[in-house]
2 protein chains.
Amino acid sequence: MADSRQTYHWFWQKLEAFLAKSKLKHSKQRNQVIEYFLEMDDHVSAEELFSYVKEQNFSAGMATIYRTLNLLKDAGLVDQKQFTDGKAVYEINFPDEHHDHLICTTCDRVIEFENAEIEALQRQVAEAHGLKLTDHTLDLFGTCMDENCKYKKS
Amino acid sequence: MADSRQTYHWFWQKLEAFLAKSKLKHSKQRNQVIEYFLEMDDHVSAEELFSYVKEQNFSAGMATIYRTLNLLKDAGLVDQKQFTDGKAVYEINFPDEHHDHLICTTCDRVIEFENAEIEALQRQVAEAHGLKLTDHTLDLFGTCMDENCKYKKS
DNA sequence: TTACATGCAAATCTTTTGCAATGAG
DNA sequence: CTCATTGCAAAAGATTTGCATGTAA
C-alpha cells in the first residue's frame, strides 16, 4: 500500500522541502515508517506505530519511531497531542484544516469535526483579551445516546 | 493563611464527604498540602507544589504530593491537564463552572474564560453525532497584540 | 488496636541520547 | 569520503509502588 504517495502527495512534498532545507537525508526506515504512519488511523501513539511497523515485518527500533515522529513534528507535518493518559498521540497536520475532536467515552471512538461558528467565537474571545488567536485545541467528550451503539466496549 | 478553609468551604466539605465515603483519613500532611495547593495559583504541577510546600518549611515527600493530588482528582475536586510539555498540571474543579483557557504564547500567561455560546454549539455538535456531551477541553493559543505587553518575556 | 498515611528508595513508563556501526549522497 | 541515520542499551524525567514505620480514629 505505497499509495500514500499519491493521497499524501502534498505531505511528501513538504517533507522533501524540509529535509532539503535542513540538510537531512532519506533512509529506508524513515520512508517506510512514515508510510506506515500515513496508512494508520489518525491519533497514533509511538507505541502503536511501533507495533504496526513490526506487524508488517519491517524492522525499525523504537528510537527510530520517536525520531521520525519528532522529525515530522519539527517539519510541521504532524501535531503531537496529549489526551488523558501519559502517552502522546500524533496526527497529520492537514494544511489549513484543523479538526477538533469529539471523543465517545463509551467506546473510545474519536470523531473529527470542524465548526466555523465556534472558530469565529474563539477569535472573538481571544481578541477581547487583546490576543491574536494563533491556534487552539478543542476536545469534546460524550457518551453514546444509542443503547445499541455498535462500538460499545464489552 | 489557613483561610482557604473559608474561601474554599465547599471544597473542604466535598473532600470530607469523599474521605468518609472511601473510609480514608485526614492527616497532617494531607491537610497541609491541600491548603498549600489552594493557596497557589491554578495550573500547578506536582513539582511546583512540592517546591512551594518546602518553601513553607513543611515536610512532605514527593510521593505524598502525588498521592494527595491523585486523591483530589479521584474526589473530582481537581482536574489534571497536560498542556504542552511532559508534566501534568492540576486545577481546582469549581462546581458547575469550568473555565476554558486562553494562553498567551508571548508571555505564557493563562487567562480563564467561559463562553455560553461556544458551549451551546459544542452540545449541538455532539448531539449531531449521537453523543451526549459530558465534558470538554478548550485551549486557545494566541500572541499579544500589544507591543508593550507588560507580561512579555525578556 | 486496626487500618490508613508517610517517606524513602526502587520500580515503571514514556521519551531521549550516546555511541559504534551502517548507509546515503 | 563525509555526515546523517540506525539500533541498542543506558539515561532521563515524571509518576507510581512496595515496604517498614508512624499515626488517625
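Letters go in sequence order (proteins before strands), and every chain restarts at 1. Everything numeric in this text was worked out from a predicted model, so none of it was measured.
- Taking every heavy atom of both residues into account, A/Ala60 and A/Val53 meet most closely at CB-CG1, 4.2 Å.
- To the nearest angstrom, P of C/dC4 lies 13 Å from CZ of B/Phe18.
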Please report the C-alpha distance between B/Asn115 and B/Asp100 in whole Å, then the side-chain angles of each, then the deciding distance to 0.1 Å, and finally whether the side chain to side chain contact (heavy atoms under 4.5 Å, CB included) criterion is met.
CA-CA 8 Å; B/Asn115 186 298; B/Asp100 293 320; 5.9 Å; no

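- Between B/Leu72 and B/Leu15 there is a side-chain heavy-atom pair separated by less than 4.5 Å.
- In terms of the side chain to side chain contact (heavy atoms under 4.5 Å, CB included) criterion, residue partners of B/Lys54 (sequence neighbours excluded) are, by chain and number, B/Phe50.
- Residues B/Leu138 and B/Phe113 meet the side-chain proximity criterion, which asks for heavy atoms closer than 4.5 Å.
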In B/S/- notation (B base, S sugar-phosphate only, - none; protein heavy atoms under 4.0 Å), nucleotides 8-18 of chain C written 5' to 3' is B-----SBBBB

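- Note: A/Phe94 and A/Tyr8 have tilted aromatic rings, judged against thresholds of 30 and 60 degrees for the angle between ring planes.
- Rounded to whole Å, atom P of D/dA14 lies 14 Å from atom CG of B/Leu69.
- Put simply, CZ on A/Phe50 is 14 Å from P on D/dT6, counting in whole angstrom units.
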For A/Glu16 and A/His26, what are the C-alpha separation, side-chain angles and deciding distance, and is it a side chain to side chain contact (heavy atoms under 4.5 Å, CB included)?
CA-CA 9 Å; A/Glu16 192 61 51; A/His26 276 290; 3.0 Å; yes

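- No side-chain heavy atom of B/Val89 sits under 4.5 Å from any side-chain heavy atom of B/Glu91.
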Dump every N/O contact between nucleotides 23-25 of chain C and the protein below 3.5 Å, one line per pair.
{"unit_1": "C/dA24", "atom_1": "N3", "unit_2": "A/Lys25", "atom_2": "NZ", "d": "3.3"}

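- For A/Gln29 and D/dA4, the CD to P distance is 17 Å, given to the nearest whole Å.
- At whole-Å resolution of the value, CG in B/Leu24 and P in C/dT6 are 10 Å apart.
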